[in-house]
Protein chains: 2
Amino acid sequence: MEGSRWGRSARLVALVQRLLDHPGRLFSLQELGEETGAAKSTLSEDMDVVEEVLEAEGRGRLERLPGAAGGVRYRPHLSPARMAEALAALTRLVGDPARIVPGGFVYLTDLVFSPEWGAVIGSVFATEFAGRGVEAVVTVETRGIPIGLMTARALGVPLVTVRRNVRLPEGPTLGVDYVSDTTKRVETMTLPRRALADGTAVLVIDDFTKGGGTLRGVVSLMAECRANVLGMGVFMETEVPVAKAVEGVFSLLRLGKVDEEAGTIEVYPSPSVLRLERAEPRGV
Amino acid sequence: MEGSRWGRSARLVALVQRLLDHPGRLFSLQELGEETGAAKSTLSEDMDVVEEVLEAEGRGRLERLPGAAGGVRYRPHLSPARMAEALAALTRLVGDPARIVPGGFVYLTDLVFSPEWGAVIGSVFATEFAGRGVEAVVTVETRGIPIGLMTARALGVPLVTVRRNVRLPEGPTLGVDYVSDTTKRVETMTLPRRALADGTAVLVIDDFTKGGGTLRGVVSLMAECRANVLGMGVFMETEVPVAKAVEGVFSLLRLGKVDEEAGTIEVYPSPSVLRLERAEPRGV
């Protein structure tokens, strides 16, 4: 690329592509200058424009770190208005009676495996857990993986997946037993010993919780790994039981009664996410 | 947003964010005009800039569809030079002797669950399978999911995950038996009946194949679902056995001998991907 030939418009396109393709990655102005052929003062003016537009759009933010070790970084981050839009859309989607599965369950598979909705859900978690120093996202196979991946992508950190069924050798592992909410049986979850370094600050993400048994299992496993759990987030939790096996779980949606005969699903945004939607000080 | 107040620079930032946040989604010029307050002719000039820069950068392309039903669409797409860079980096990463696991296996877990590398691998698959009319990506739990998700994201289509261990009711399912390469036993893979509509054109993506038994299982299951398999892609295949249970699998890397005592891993870009790297007619 011969960046120096480019005018401001072309340079902005190139800069925005770099930033958005790598959420959470810090780009130094020197690096960006070498790649686009622009002076630091010029780039600084470019970043004023990028920052202003991103802020007004309400889907992400530009972080600008001054000094020799500084630079710029893009972070997905929803404004209160975008947050309200996202929650309204997800609530509508989950509440569709066509999702009722015999036995009073709700079919969520298409939603939790969707790249588009995964990105939205990941942005909600990234907004809630911004600025807390998350170093890795931890999830549990299978249905937690896509949401966990998109959250890790939004935060610019790796994803670590706790296994319940390991098929390939991964070297020495750490394991804990837990009681599954679903099967009511004692099961084992494991992680390769090399997956997490001692003291890693982690965010635990899963798609769904009822009693919190799986999350409690993950918390125990994190203690074995000497990881530091900064927070827990799930896409949807059930209204009952009110007392979960773990406390302080942030959820997007809360599931009430699923009435197979009437064909109705009670679902609404969680109090935890509404707090976020209202309290946000910046953005539109 | 009061788009009409914005100059060209600000508008380009807003347009690029929209396009890159939704790979594969078609935006009509009318829709973009309403959101940015710009006339169609102005937007058309903006798109000339976006197209030129993306082409020069070699990581994605702008598709422009003329007419009333037309618009613009962003697609991740690697130029031959970016493809070569990506394959060199992945080969180096996989060939690191620290990845050898007792038993002569290669630890790939961190890599296949990485959002950053997942995006790179997804871009390679999106480049290979561009323009073939893929309507859904199909993968197999567990380790295929992150790569499958990032490929689906790059192609702008849903991800459908074949299950080997279902824990939650998902309604009626279709299932096939297959012989697992890993366990050498007959196992069952299933898919909820509602996951794929009849006649859907699918791309099958997995992280790893040795004998091709799992892929053959997925192909049988796709036949049961009346889906049309357009292609198959894996991140890495083994050199032996040369004859796999399925033919025509596109792979990024090929794994040769893993020598535990000498501490060496033989790995190299696959002939299939090298063909792609060389034959690409456009871009730098």
Side-chain angles (χ1 to χ4, degrees), chain A residues 1-2 6 8-14 16-17 20-22 25 46 49-50 52-54 56-57 59-60 101-103 105 107 109-110 113-116 118-119 141-143 145-146 149-150 152-153 156-161 163-165 167-171 180 182-183 192 194-195 208 284, chain B residues 1-2 6 8-14 16-17 20-22 25 46 49-50 52-54 56-57 59-60 101-103 105 107 109-110 113-116 118-119 141-143 145-146 149-150 152-153 156-161 163-165 167-171 180 182-183 192 194-195 208 284:
Chain A
M1 183 187 116
E2 289 290 325
W6 288 354
R8 190 184 203 196
S9 298
R11 199 174 56 241
L12 277 168
V13 174
V16 174
Q17 189 187 24
L20 266 64
D21 270 354
H22 304 284
R25 187 197 283 184
D46 291 345
V49 178
V50 175
E52 188 201 349
V53 175
L54 293 180
E57 293 283 72
R59 294 189 194 90
V101 169
F105 292 87
Y107 184 81
T109 307
D110 59 326
F113 282 104
S114 148
E116 282 264 327
E141 68 173 321
T142 300
R143 300 189 352 159
I145 296 172
L149 187 76
M150 295 310 279
R153 180 174 192 273
V157 300
L159 175 68
V160 171
T161 301
R163 305 299 301 266
R164 296 192 280 205
N165 308 282
R167 287 161 177 268
L168 284 172
E170 300 184 312
S180 162
T182 314
T183 63
R194 65 165 94 188
F208 185 80
V284 177
Chain B
M1 184 187 117
E2 288 291 323
W6 287 354
R8 189 183 205 196
S9 298
R11 200 173 55 241
L12 278 167
V13 173
V16 174
Q17 189 188 23
L20 265 65
D21 270 354
H22 305 284
R25 187 197 284 184
D46 291 346
V49 178
V50 175
E52 187 201 349
V53 175
L54 292 180
E57 293 284 72
R59 294 187 193 88
V101 169
F105 292 88
Y107 184 81
T109 307
D110 58 326
F113 283 104
S114 150
E116 281 264 326
E141 69 172 322
T142 300
R143 299 191 354 161
I145 296 172
L149 186 77
M150 295 311 280
R153 181 175 191 272
V157 299
L159 174 68
V160 172
T161 301
R163 305 298 301 266
R164 295 192 281 205
N165 307 280
R167 286 162 176 265
L168 284 173
E170 299 183 314
S180 161
T182 315
T183 64
R194 64 165 96 187
F208 185 80
V284 175

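Below, chains carry the letters A, B, ... as their sequence lines are ordered, and counting in each starts from 1.
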Open item on the list: With a 4.0 Å cut-off on N to O distance, would you call A:E141 and B:R143 a salt bridge?
Closed with: no

Task: Atom of B:W6, atom of A:A56 and distance for their closest heavy-atom approach - done: CZ2-CB, 3.8 Å

Task: chain A contact via B:V160 - which portion, at a heavy-atom distance below 4.5 Å - done: neither

TODO: Pick one of side chain, backbone, both or neither for B:F113, based on which atoms fall under 4.5 Å of a heavy atom in chain A.
DONE: both

Open item on the list: Could you measure the distance from the CG atom of A:L20 to the CD atom of B:Q17? Nearest 0.5 Å is fine.
Closed with: 5.5 Å

Task: Nearest-0.5 Å distance that lies between atom CZ in B:R194 and atom OG1 in A:T109 - done: 8.5 Å

Task: Part of B:S114 within contact of chain A (heavy atom distance under 4.5 Å) - done: backbone

Open item on the list: Among B:V101, B:D21, B:D46, which residue has the highest count of heavy-atom pairs closer than 4.5 Å to chain A?
Closed with: B:V101

Open item on the list: Between A:V16, A:L149, A:V49, A:L12, who has the most heavy-atom pairs with chain B when the cutoff is under 4.5 Å?
Closed with: A:L149

Task: Structural part of A:A195 lying under 4.5 Å from a heavy atom of chain B - done: both

Open item on the list: Check this for me: does any side-chain nitrogen of one of A:E116 and B:R25 sit under 4.0 Å from a carboxylate oxygen of the other?
Closed with: yes

Open item on the list: Is B:P146 in contact with chain A via its backbone, its side chain, both, or neither, using a 4.5 Å heavy-atom distance?
Closed with: both

TODO: Please state whether the side chain, the backbone, both or neither of B:L159 comes within less than 4.5 Å of a heavy atom of chain A.
DONE: both

TODO: Among the options B:P158, B:A152, B:A10, B:G156, pick out the one with the most heavy-atom pairs lying under 4.5 Å from chain A.
DONE: B:A10

